[in-house]
Structure formats: structure tokens, C-alpha cells
Protein chains: 2
Amino acid sequence: MNSVLTDPEYGVTRLDGLPSRITICEVGPRDGLQNEAAVLPVAVKAEFVERLADAGHTLVETTSFVHPKWVPQLADAEQLLETFKPTDGVRYPVLVPNQRGLERALALGVRDIAVFASATESFARRNLNRSVDESLAMFAPVVARARDEGLGVRAYVSMAFGDPWEGEVPIAQVVDVARRLTALGVTELSLGDTIGVGTPGRVVAVLDALTGADIPIESLAVHFHDTYGQALANTLAALRRGVTIVDASAGGLGGCPYARSATGNLATEDLLWQLRGLGIETGVDLNKLVETSVWMAGKLGRPSPSRTVTALAGEATE
Amino acid sequence: MNSVLTDPEYGVTRLDGLPSRITICEVGPRDGLQNEAAVLPVAVKAEFVERLADAGHTLVETTSFVHPKWVPQLADAEQLLETFKPTDGVRYPVLVPNQRGLERALALGVRDIAVFASATESFARRNLNRSVDESLAMFAPVVARARDEGLGVRAYVSMAFGDPWEGEVPIAQVVDVARRLTALGVTELSLGDTIGVGTPGRVVAVLDALTGADIPIESLAVHFHDTYGQALANTLAALRRGVTIVDASAGGLGGCPYARSATGNLATEDLLWQLRGLGIETGVDLNKLVETSVWMAGKLGRPSPSRTVTALAGEATE
């Protein structure tokens, strides 16, 4: 594959008010793959995780201990954790739905977990089969035990901008769930636009409300879906507000089976193209990531929806 | 088709420092269709132009008088101009490459034209078959005569951010071409990221250099391609700098046959989704535009690359 980034060279032009370095939380192996109908062999998933770390990722959400009935693709979570070769200095969070999942994760030496909360009752009922209150009550002992064990705990606040059943989600609701998760002891909150309807003004308003409620900006990640093409513009707005953790999925893999039109996550490559041009460091090699996404597209039998992958992979075959 | 915008309602959250209203220059019929291999009947094009105006567009680039040898799709320019029913208050600029083109346009009652310049020598040679100096010399009498006739004259400055042969384009070069076009008498400059490589820092730097050279921000339009998924984030950066004219193509139609990887224009629907959420008025009805793009996709035999069209059209068929 050509090194299209150095031939020709498009240079760097910084923009005031942006961080000089951010961390990408690569969610391809979990959030990306979980909605793929074709179940991949564990060896392919292990290679995927290894390639992501080799490309320079330092935070790779690897799999989930959600019941296989709900996410058949990730039924091999334990096998995967025993198969892939971890890289020093890379964190591999695993989604755990409950205490049983946490115990399985701990037994396998997992050092970072994630829990999946909802800002809306409708989605909590549909995705977690319980109310927001009930789901937070379920997470409380999980987070407490994880923190006792010294684990990092990321919490997703899904439907933080809009909900397909409720429409626009009141910011007070997002703040309430975020505060309660913080009180439980989570170390990072990822604000999910699960259906991709948010726009930059809403992103800024939600972030301002959260920091106004004494939730530190350093603990906030953003998680955008590109359903309406808004993910990268929303990310830019969040970066301008001081966010330094951005979730993205290699090749734009992903979606959500429980919400209509929740197509792919922000593609890590599209994000990297923007960050590269802005001179914002991530440590991730775009060319290696494009190679990985092209390889994964081959395994899945369909092209990556990422514009940058399409552009660079297309050039590489000219 | 469902009215997906009102069911559910995602609301408006404004962002400081943005205009309250902008004008979209809809380039679908010209920049969008010109690269489609399958030549559409003139009646379909006329309906396309009429539907765009009916959706609320007030500026629709309709066709081009470039030689049919170069753009066979637009060989029916005169026929189209005689066929479609114009709407009062809507401007229908037509691209003219030279004086002969201008005379044909004037004979048909055209009131707005566009000329297509390049910020780089490489692209001027490949696209216009002459140097930058020679192309500006060619445009001089065209612009002068058009202005004498009271026409509006838009000038594209293509490759204003990056060039596939030259890489990053020096800002001084963009400013030089923009100043010379302004001196010729053009009324509007559209800054083209023809291959979609630009990022928001570069956009701001180019805009600042142009306004620093006394080119009024009101006369500047931005024209982004979504080749690397950057178009909407770049547009947001431009809006924050005071730009109020944004080029976009219904359904994301378009590309450039003379530059590798120059895929689609910014989709008007993706832009409208963002503007709607930000409370920025355009007068364009998103649902009507989605219907038009779905209809056009049927004529072209392939789905729209617009994320918003995909999301809304998908919902409409549920």
C-alpha cells in the first residue's frame, strides 16, 4: 500500500483552542463488531485487536461479557481475551453488564472495564430491560468492586443527545445520570450519540452543563455515530471545549441493533485525517489503520463506510 | 415518505459565533451531474432543477457551457435552460468557460454565471489546458462583459487547500488568484477543496488570509468535497469565521474526473441536518430535498452517498 500521507504532503495547520494531543478509544472490536451478523473466528478478532495496538492505539475496547443471546458475535469473549497478545502500555477495556460479567473479567486479568448506561428510560428499557434507576442500582456493586480491585471504569451514557423514541434528550437528564455514575466511582464517562442525531450546539451545551456540574472535562469522552454525517463536526466542537478522549471505530464499523438508523460509529481514519491536518497527536499510524480496515472489510465481505479508508485504499490500488 | 423531522423532534441548540441565516449554493445539477457517466434526459434534469427550487433553494447552479467533448453530460445546456421552469427569486448560475460560452448564456437570458479558476498551475494545466495567468487572461473579458450586462459572476478558486500533484497549496497562491479574480470584477469567490484533503485549521487560515487581503467575507463561499469525510467539519469552521455562502450538492452527487479520489461534494442534506440543529436558517426543506435525492438516485441507478439521505430514506421505508 502506498504511503499516501507523504506523497504528496498536505501539511499541518493548527487551530487555536484545540488540545495538542488526544487519546482515541478504539471501539471497533466491541462496538464495531457486535452488530455484524457474520460471526468472525476468534483468531481474526485477536489479530484485529493486535493490529490496532500495533497501529499505535493505546486504548482498545476489546469485547463484552453481555449474554451471547443478545450479542452472538461476542460469545467468544473469554477465548478472545486468552488468545490475543497484549502490548505493554495498552489498555483493553471490556464491557461488563453485571457482577457475573465482572467476575469473569477479573478471573481473566482484565484491568479496565466499561458499563453501558442510558440517559433515557426508553432505551434503558429496550437495551437493558430495566429502568434507569434499576440499571444504576445494578451497576453500583460492579463499579464498587472494580474500583476496589484497582480497575479503570468507563461508563457509557448512551442516548445523551437524542433518543429515537423520546426525541431530544433533556440536558438535565444527561447531567443526572452522569453525576450518579460519577458518584458510583466511574473514572471516565463516554457521552454517546447512539443514533447520530446531535449537532455541534447540542454537544457544547451538554459538555458545558456537565462541567458546570463539577464533572471534570478530563473525565469526559465523546462517542459519535455518523448516521447523519455529523460525527466529525461534533467531535471538533467537543475538542474546542477541551475534550481529549474521542471514541472511534476502525473503518467506521458499528451501529446499534436496538435503535433504528443507528449506523456506523465515527471512523477512526476520518478522525485521524482531521487530527493529522490540525497537528493533534494521537500516536496512531493512519496508514497502518487503513491497512487493517481494508483487511477487516475483506473478512466481513463488504467495503468500509469510512470516506478516508475509501480514498486511501482506492489510491493504493491505482 | 415520513416526516422524520417532526417525529420525533430533535430540537435546536444554537452555538455562539455562527450566522443566523446562510445561503446554500446548490451545485447538484452542474458539479454533481457532470461526472455521471450515464447521460440523463434533459426532462429529468429540468425536473431536478425545478424540484431543487421547490424545496426552497434560491441559488441553483444549473449547467455548464464547457465543450461537450469534456463534459458530455452537460451537452444539453441550451436545451435545459429552455426547458425548466424558473421560479421567481431564484438565481440559476451557469458555468461558462470562455466568451463563446458567455454569449450563448446571454442569448438564453442567463443572469448569473460562474467561471472556474485554479489556485495551482498543475490543475490549471490539466483542467483548463493553460497556465493560471493564461486562464485569468481568458476570464478577464468574460467577467468584464458579464458585469457590463449586469450579471452576477461567481468564480471558483479550485484546489484552494490541496492539490493532488502539488500537495498543500501555499496560501499566498490562493490569495493571489483571489485578488486577481476580484480585480477582474467577480462578485463572489467560491473556495474549492476539490480533492477534499483540507482540515479546519487550514480553512480558517485561508479565510483569514483572504479577509486580511481586503476580500470581504460576504463575497466568500466555501466548496468542500467529502473525500476524506472532512466537508462538514470544515464548513462549521468556515461558518464560525463568518462565511454565509456554502456550496453543497443534493444527495452528495459529484466529484471531479480530473483529480484522483475527488469523490462527492458535501451533501446538501448532511449540511441541512447540521444547520437545522444549530437553528441556522436556509429556507430549504430537508424532507423535500431527501425526496428529490431519492428520486435522482433512482434515475442514476445507485444510492445517494449522503448519510442523512440514507438515514431518512431508510426510516421512510420502515
Side-chain angles (χ1 to χ4, degrees), chain A residues 7-16 18 161-168 171 195-206 226-237 252 260-261 263 266-267 269-271 273-279 305-308 310-312 314-315 318, chain B residues 4 7-16 18 161-168 171 195-206 226-237 252 260-261 263 267 269-271 273-279 305-308 310-312 314-315 318:
Chain A
D7 171 29
E9 179 54 74
Y10 293 113
V12 165
T13 313
R14 291 175 206 282
L15 189 58
D16 285 348
L18 292 175
F161 302 93
D163 174 288
W165 302 280
E166 302 185 14
E168 186 173 72
I171 292 177
I195 55 168
V197 296
T199 43
R202 194 69 180 175
V203 171
V204 167
V206 169
D226 219 11
T227 320
Y228 294 79
Q230 309 297 310
L232 199 52
N234 287 345
T235 300
L236 179 63
R260 64 176 186 170
S261 290
T263 52
L266 170 61
E269 291 88 348
D270 295 6
L271 172 63
W273 187 272
Q274 177 166 108
L275 298 175
R276 182 202 59 74
L278 288 164
S306 159
R307 309 273 198 219
T308 297
T310 304
L312 296 183
E315 290 188 358
E318 278 183 57
Chain B
V4 283
D7 171 30
E9 178 54 72
Y10 293 114
V12 165
T13 314
R14 291 175 206 282
L15 189 59
D16 285 347
L18 293 175
F161 302 92
D163 174 287
W165 303 279
E166 301 184 15
E168 186 174 73
I171 291 176
I195 55 169
V197 296
T199 44
R202 193 69 180 176
V203 171
V204 167
V206 169
D226 219 11
T227 322
Y228 294 79
Q230 310 297 308
L232 198 52
N234 287 345
T235 301
L236 179 63
R260 63 176 184 170
S261 290
T263 51
E269 292 89 347
D270 294 6
L271 172 63
W273 188 271
Q274 178 164 108
L275 298 174
R276 182 202 58 75
L278 288 164
S306 160
R307 309 274 197 218
T308 296
T310 304
L312 296 183
E315 290 188 359
E318 277 183 59

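Remember, predicted model here, so these are calculated numbers, not experimental data. Just the heavy atoms: all of them, side chains too, but no hydrogens, waters or symmetry mates, feed the values below.
Note: B:Pro200 leads B:Gly279, B:Gly198, B:Pro200 in heavy-atom pairs under 4.5 Å with chain A. Between chain A and the residues B:Glu166, B:Gln230, B:Glu269, the largest count of heavy-atom pairs under 4.5 Å involves B:Gln230. Looking only at heavy-atom pairs under 4.5 Å with chain B, the residue among A:Gly277, A:Ser306, A:Gly167 that has the most is A:Gly167. Chain B forms the most heavy-atom pairs under 4.5 Å with one residue out of A:Asn234, A:Leu18, A:Asp163, and that residue is A:Asp163. Ranked by heavy-atom pairs under 4.5 Å with chain B, the first of A:Val197, A:Thr308, A:Asp270 is A:Val197. Among the candidates A:Ala231, A:Ala267, A:Pro305, the residue making the largest number of heavy-atom pairs closer than 4.5 Å to chain B is A:Pro305.
The two residues A:Tyr228 and B:Leu312 have their closest heavy-atom pair at CE2-CD2, 3.7 Å. B:Ala233 and A:Leu236 make their closest contact through O-CD2, 3.8 Å (heavy atoms, listed as atom of the first residue, atom of the second, distance). Between A:Val206 and A:Ile171, the closest heavy-atom pair is CG2-CG1, 3.9 Å.
The closest side-chain heavy-atom distance from A:Thr13 to B:Thr199 is not below 4.5 Å.
For chain A, the nearby part of B:Val12 is the backbone; its heavy atoms alone come within less than 4.5 Å. For B:Asp16, no part sits under 4.5 Å from any heavy atom of chain A, backbone or side chain.
Put simply, OG1 on A:Thr235 and CG on A:Leu266 are 5.0 Å apart, with the number rounded to the nearest 0.5 Å.
Residues forming a salt bridge (Lys or Arg N to Asp or Glu O under 4.0 Å) with A:Glu168 (at least two apart in sequence, or on another chain): A:Arg202.
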